[in-house]
**Student:** 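Right, I'll just put the structure down here and ask away after.
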2 protein chains.
Amino acid sequence: MPATLKDVARRSGFSVTTVSRALNGHSDVNIETRKKIEQAARELNYFPNRMAQQLVTRKTNAIGLYSLDRETFQNQFIALMISGMMDEATTHDFNLLLFATQRLMTAEEMVIQCKQRGLGGAVISGLRTDEAFIAELPAVEFPIVLVDVPVEGPRATYVSVNNVLGARSAVEHLASLGHTAIGMINGHDAAWVSQERLQGYKEGLLQHGLQIKDSYIYTGDFSKESGRRGAEHLLAANPELTAIFAASDLMAVGALEQLQAMGLEVPGHISVVGFDDQDFANHVSPPLTTIRQDMYVFGRLAARELIAMIEDTAYTPHHVDLPCTLVPRGSSGPVEKQGGVD
Amino acid sequence: MPATLKDVARRSGFSVTTVSRALNGHSDVNIETRKKIEQAARELNYFPNRMAQQLVTRKTNAIGLYSLDRETFQNQFIALMISGMMDEATTHDFNLLLFATQRLMTAEEMVIQCKQRGLGGAVISGLRTDEAFIAELPAVEFPIVLVDVPVEGPRATYVSVNNVLGARSAVEHLASLGHTAIGMINGHDAAWVSQERLQGYKEGLLQHGLQIKDSYIYTGDFSKESGRRGAEHLLAANPELTAIFAASDLMAVGALEQLQAMGLEVPGHISVVGFDDQDFANHVSPPLTTIRQDMYVFGRLAARELIAMIEDTAYTPHHVDLPCTLVPRGSSGPVEKQGGVD
DNA sequence: TCCCGAACCCGAAACGTTTCGGATTGGGGG
DNA sequence: CCCCCAATCCGAAACGTTTCGGGTTCGGGA
């Protein structure tokens, strides 16, 4: 139905070859000829057929996003990241395809599937650090960008915010408010970010001359419920705590609710800091002090690295630590003497 | 690099034609032959090249999602919808492409772009009812599904929840709790859902013999800030109000905050009901009573209709009203005598 | 013995591009 | 007048499939 090169050739009176060369801006075509051809193309509403193009030039102009974890897919997070990826893809005239898989098979199988679908590379999100799959990745000859999993190879890299720094600045924030007994509710171990945030927490404490106590650390699973349990547990074991840093906003909100249910005032009796800055962080009461990661630029960066690898086979991928910043809101405040709060 | 049909032919000793027919399950190939060919294909790790396939069979196996409004893209909403679309696409072996555009040009132009990219149809979200674009849509010969914009044609339909019913059940809920002075904070007029929800609100009132007062209706723009202003405005003009129905959770939360800032207790003095059931609805305090729309099945349905249109040229698209259900939570309660609340 | 159909297989064309390797002009220098 | 080069243009092959229109073989009925 749509017009083809042949149609344009017929209408303009030149050969298919010349039309192709004219429309692609090659030099060996007369300026007059080019104009006529462009005119004809416009009249016929001609657009090149991408399938045919890709078939002959073995270049692909599409990237894919594999989302393995449907839980995290449902938060606003991934939407922002997709948003960034879309914009970056658009500026490079790339398409963005989305895939949902529960598990990734072998790396080779995945690469074949990608190639078959015409992808030049893929971003993978939601991978757990305990997947065997990860080990195969660095060797793979197919451009891959991971989200929050540290893998690097000639055709593979990853994007992440600097979780260590982020967690550290959360602790610093609390310490600078006078807190000395700061607990942490962490995410599950299978997430790389958990390890990083824990490390940041520890570094923050050390930096302020505070001691690291195992009993101050509770391992949850990023869920609200685990945040609730974490707060309960931490306070039962350490009634002296005046601050809690949670490795996700969802856990922080769980903690918030639990603390308030226990009759504690936030931030009067105890301060809470989250991580992520999801939209609800600003809607809870008190609004959550948290570490903000900009998922939009995150997505843009992931797509940018991927496309660079695809377009330039010699490109050496590059890991960039995105900054994340503290957003002070109502849930954190200076230490006060017990009970003395309005 | 990947194996082609020719490779499989060479290895198995049959012709390209036979290999193709064998792999595609045609009947006129010997069972032994088929087995050998399948074996060879497996050994070579053969996967058909989608580009070539699509080039010759003019069938496409991809659908697209155009997102026009980046604001709404950023909520958890669209992520759930995409999630549903992905699953539906996957079960039909379709790809899902994402596009971001600020504005859609003419319908014809859009169709050409879609075809050029190999799409068989598109879902369009974030369209405003005042776009001229909409008028062209029913006539278009390309499968299209709209989100929350009522357009129907031989190759076009739309998905939506039953906003009238949803709004009505919100009002019924409040009325059954004894409320008789119920205000509404609506979204902006350019959204079709605003009109529908307003109508549902009115129907709900009438059904319970309550009067419709213009001063009880405030038109916002779906933002939290407009919810805040709406609450302030409504109560200033109508101090007798004991309940507010907001046409989005975000506005409901804005209203909630404003009411609390004004010293009113929710639900003690005044009840609030939202619409959407975004994730933060459950995290605010009190948790928001709201009308839940299941965006996952929403997405699935959109994709299902679209794919049906693509695969069966004779298929007459179908608009289905998805149900939406009231989720009673803490922000709504029975009317009480003024001031008598703990 | 001959013919016919079933079962199985294959060659070649087609889809819409890009690109390699020329072919055709016209003009200038020797 | 001949040669060569620059400027333009074009034919045909190739990319990896599917499918149309056959072709061959074999067995059985007439």
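Order of the sequence lines fixes the chain letters, A, B, ..., with proteins taken first and strands second; residue numbering starts at 1 for each chain. All of these numbers come straight from a predicted model, not from anything done at the bench.
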**Student:** Donor-acceptor pairs are to be reported for all side-chain atoms of residues 299-311 of chain A against protein atoms at under 3.5 Å, with residues two or more places apart or in another chain.
**Tutor:**
residue, atom, partner, partner atom, Å
A:Arg300, NE, A:Glu88, OE1, 2.9
A:Arg300, NH1, A:Tyr296, OH, 3.0
A:Arg300, NH2, A:Glu88, OE1, 3.1
A:Glu305, OE1, A:Tyr315, OH, 3.0
A:Glu305, OE1, A:His318, N, 3.1
A:Glu305, OE2, A:Tyr315, OH, 3.0

**Student:** For A:Phe94, enumerate each residue passing the ring-ring contact (aromatic ring centres under 6.0 Å, His included) test, keeping only those at least two apart in sequence or located in another chain.
**Tutor:**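 A:Phe94 satisfies ring-ring contact (aromatic ring centres under 6.0 Å, His included) with no residue once adjacent residues are dropped.
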**Student:** Tell me the salt bridge (charged side-chain N to carboxylate O under 4.0 Å, His left out) pairs involving residues 44-53 of chain A, sequence neighbours left out?
**Tutor:** A:Arg50-A:Asp93
**Student:** Between the opening five pairs and the closing five pairs of the helix from C:dT1-D:dA30 to C:dG30-D:dC1, how far apart are the helix axes, to 10°?
**Tutor:**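 End-to-end axis angle for the helix from C:dT1-D:dA30 to C:dG30-D:dC1: 70°, rounded to 10°.
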**Student:** Would you give me the side-chain donor-acceptor pairs under 3.5 Å for residues 51-60 of chain A, sequence neighbours excluded?
**Tutor:**
residue, atom, partner, partner atom, Å
A:Thr57, OG1, A:Gln53, O, 3.0
A:Thr60, OG1, A:Gly120, N, 3.1

**Student:** Considering only heavy atoms, which members of residues 3-27 of chain B lie under 4.0 Å from some atom of DNA chain C?
**Tutor:**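 Correct list: B:Phe14, B:Ser15, B:Thr17, B:Thr18.
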**Student:** Using atom names, set out every protein N or O paired with an N or O of nucleotides 24-26 of chain D below 3.5 Å, distance rounded to 0.1 Å.
**Tutor:**
none

**Student:** Starting at CG of B:Asp28 and ending at P of D:dG23, how long is that distance when rounded to a whole Å?
**Tutor:** 16 Å
**Student:** Would you jot down, in residue-number order, the residues of residues 39-62 of chain B having a non-hydrogen atom under 4.0 Å from DNA chain C?
**Tutor:** B:Leu55, B:Val56, B:Arg58
**Student:** Run the salt bridge (Lys or Arg N to Asp or Glu O under 4.0 Å) test against A:Asp321 and tell me which residues pass, sequence neighbours left out.
**Tutor:** none
**Student:** Holding to side chain to side chain contact (heavy atoms under 4.5 Å, CB included), I want the full list of residues that pass it with B:Ser20, two or more places apart in sequence or in another chain.
**Tutor:**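 B:Ser20 satisfies side chain to side chain contact (heavy atoms under 4.5 Å, CB included) with B:Leu5, B:Asn24 once adjacent residues are dropped.
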**Student:** Return the set of residues passing side chain to side chain contact (heavy atoms under 4.5 Å, CB included) with B:Thr316 (not counting sequence neighbours), or none when no residue passes.
**Tutor:**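 Partners of B:Thr316 by the side chain to side chain contact (heavy atoms under 4.5 Å, CB included) criterion come out as none, since no residue qualifies.
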**Student:** Look at the rings of A:Phe222 and A:His188 and say which category their plane angle falls in: under 30° parallel, 30 to 60° tilted, over 60° perpendicular.
**Tutor:**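 Aromatic pair A:Phe222/A:His188 classed perpendicular.
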**Student:** On DNA chain C, reading 5' to 3', which nucleotide is the first and which the last to sit with an atom under 4.0 Å from a heavy atom of chain B, could you check?
**Tutor:** C:dC8 to C:dG16
